[in-house]
K.L.:
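Below you'll find the structure I mean.
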Amino acid sequence: EAAVTQSPRNKVAVTGGKVTLSCNQTNNHNNMYWYRQDTGHGLRLIHYSYGAGSTEKGDIPDGYKASRPSQENFSLILELATPSQTSVYFCASGDGRVEQYFGPGTRLTVL
Amino acid sequence: AQSVTQPDARVTVSEGASLQLRCKYSYSATPYLFWYVQYPRQGLQLLLKYYSGDPVVQGVNSFEAEFSKSNSSFHLQKASVHWSDSAVYFCALSRSSGSWQLIFGSGTQLTVMP
């Protein structure tokens, strides 16, 4: 069954540390997305990708980098984590016009 | 600018009652519209989608939504709710070019009382 998986599911990091969130999809979709979810804001787009080797900035990219080494994998990187980046992060895949398929989320706490 | 507004942060209804969750959008053209549901500690699951054609679309678990271009709305409805419908519901629109990213409303927390 096609799916989007994320790891880790929960992460506690220290301020100033580096955090990498990973996403894998078996949908064979070209597009992949990273969103963060905060109360009162719904989901907001951080970075997205059109395919392997491509990364694009979304609406709130500051403090985040992304990497798409293959069709299946898309990582979100926090080089210097801050408490304001405490949130729930969702990865999604999509092939353009149809709906996106979401992973289960990663709960990140930055102390 | 594109945006989605869900004016009700929380809605409480009794089991068996009818339900309407409101969604208003702002977009220069006819958008692609979606309703997603999020159960506790889970990702988002698609309930239904509207691309074009019949303004009333059917989704899973007897949910339906009605698109209105004149009102810029896409309200979600259900004739009779069950306690298991308690969840957070998100309305979203898709930018019809480029990244096809989704723009989400802030969500509505639905609580169904037994």
Side-chain angles (χ1 to χ4, degrees), chain A residues 1-10 21 23-25 27 29-51 54-61 66 68 74 87-107, chain B residues 1-10 21-26 29-53 57 59-60 63 65 74 87-109:
Chain A
E1 179 179 325
V4 180
T5 57
Q6 295 182 231
S7 64
R9 294 294 311 278
N10 292 279
L21 307 182
C23 177
N24 178 275
Q25 57 109 352
N27 298 320
H29 288 157
N30 288 329
N31 296 353
M32 294 187 75
Y33 309 84
W34 275 107
Y35 296 89
R36 62 177 284 176
Q37 182 182 26
D38 303 291
T39 303
H41 288 284
L43 278 74
R44 293 178 291 174
L45 184 67
I46 305 170
H47 283 288
Y48 62 97
S49 169
Y50 292 118
S54 135
T55 61
E56 305 289 339
K57 293 180 179 180
D59 295 329
I60 53 167
R68 182 89 181 269
F74 190 38
S87 187
V88 181
Y89 292 85
F90 287 98
C91 176
S93 74
D95 63 359
R97 294 190 167 195
V98 298
E99 66 270 18
Q100 294 176 19
Y101 297 85
F102 285 82
T106 294
R107 186 172 296 271
Chain B
Q2 303 102 334
S3 66
V4 176
T5 301
Q6 294 179 248
D8 304 309
R10 296 179 180 275
L21 301 183
R22 296 183 291 164
C23 174
K24 299 273 287 185
Y25 69 88
S26 174
T30 299
Y32 299 122
L33 292 162
F34 306 85
W35 275 99
Y36 282 86
V37 61
Q38 183 182 33
Y39 298 102
R41 302 282 177 164
Q42 295 187 27
L44 279 70
Q45 302 172 29
L46 182 70
L47 275 180
L48 46 78
K49 60 194 176 192
Y50 173 79
Y51 290 159
S52 64
V57 292
V60 300
F63 282 96
F74 189 55
V88 180
Y89 291 80
F90 291 97
C91 182
L93 70 79
S94 174
R95 287 176 174 160
S96 54
S97 63
S99 68
W100 300 94
Q101 74 173 82
L102 292 172
I103 299 169
F104 286 88
S106 54
T108 297
Q109 172 72 61

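Chain letters run A, B, ... following the sequence lines, proteins first, then strands; residues in each count from 1. On a predicted model such as this, the values are computed, not experimentally measured, just so you know.
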K.L.:
In terms of the angle between their ring planes, are F102(A) and Y36(B) parallel, tilted or perpendicular, with boundaries placed at 30° and 60°?
P.N.:
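Geometry flag for Y36(B) against F102(A): perpendicular rings.
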K.L.:
Less than 4.5 Å to any heavy atom of chain B: does that hold for the side chain of R107(A), its backbone, both, or neither?
P.N.:
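Looking at R107(A), just its side chain touches chain B.
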K.L.:
Should C23(A) and W34(A) count as side-chain neighbours, where that means a heavy-atom distance under 4.5 Å?
P.N.:
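Yes, side chains in contact.
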K.L.:
Using a distance-only test with no angle check, is there a side-chain donor-acceptor pair under 3.5 angstrom linking Q100(A) and Y35(A)?
P.N.:
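Yes, a side-chain donor-acceptor pair sits under 3.5 Å.
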K.L.:
Counting heavy-atom pairs closer than 4.5 Å to chain B, which one of C91(A), P104(A), S49(A), G58(A) comes out on top?
P.N.:
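Most heavy-atom pairs within the cutoff with chain B belong to P104(A).
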K.L.:
If we define contacts as heavy-atom pairs under 4.5 Å, which of A92(B), G43(B), A9(B) has the most with chain A?
P.N.:
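Top count of heavy-atom pairs under 4.5 Å with chain A: G43(B).
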K.L.:
So which of Q6(B), R41(B), Q45(B) has the largest heavy-atom pair count under 4.5 angstrom toward chain A?
P.N.:
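Ranked by heavy-atom pairs under 4.5 Å with chain A, first place is R41(B).
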K.L.:
Measure Q37(A) against the heavy atoms of chain B and call it side chain, backbone, both or neither at under 4.5 Å.
P.N.:
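Contact with chain B is through the side chain of Q37(A) alone.
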K.L.:
Could you tell me whether D38(A) and R36(A) have a side-chain N and a carboxylate O separated by less than 4.0 Å?
P.N.:
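The answer is yes: the pair qualifies as a salt bridge.
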K.L.:
Cut-off 3.5 Å, side chains only: do S93(A) and N27(A) have a donor facing an acceptor?
P.N.:
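Their side chains do contain a donor-acceptor pair, which is all the 3.5 Å distance test asks for.
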K.L.:
Against chain B, label D59(A) side chain, backbone, both or neither, depending on which of its atoms sit under 4.5 Å from a heavy atom there.
P.N.:
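For D59(A), the contact with chain B is made by the side chain alone.
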K.L.:
For a quick test of reading the model, state the closest non-hydrogen atom pair linking F90(A) to G103(A) and the distance between them.
P.N.:
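Taking F90(A) first and G103(A) second, the nearest heavy atoms are CD2-O, 3.5 Å.
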K.L.:
Non-hydrogen atoms of chain A under 4.5 Å away: do they reach the side chain of L44(B), the backbone, both or neither?
P.N.:
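The answer is both parts of L44(B).
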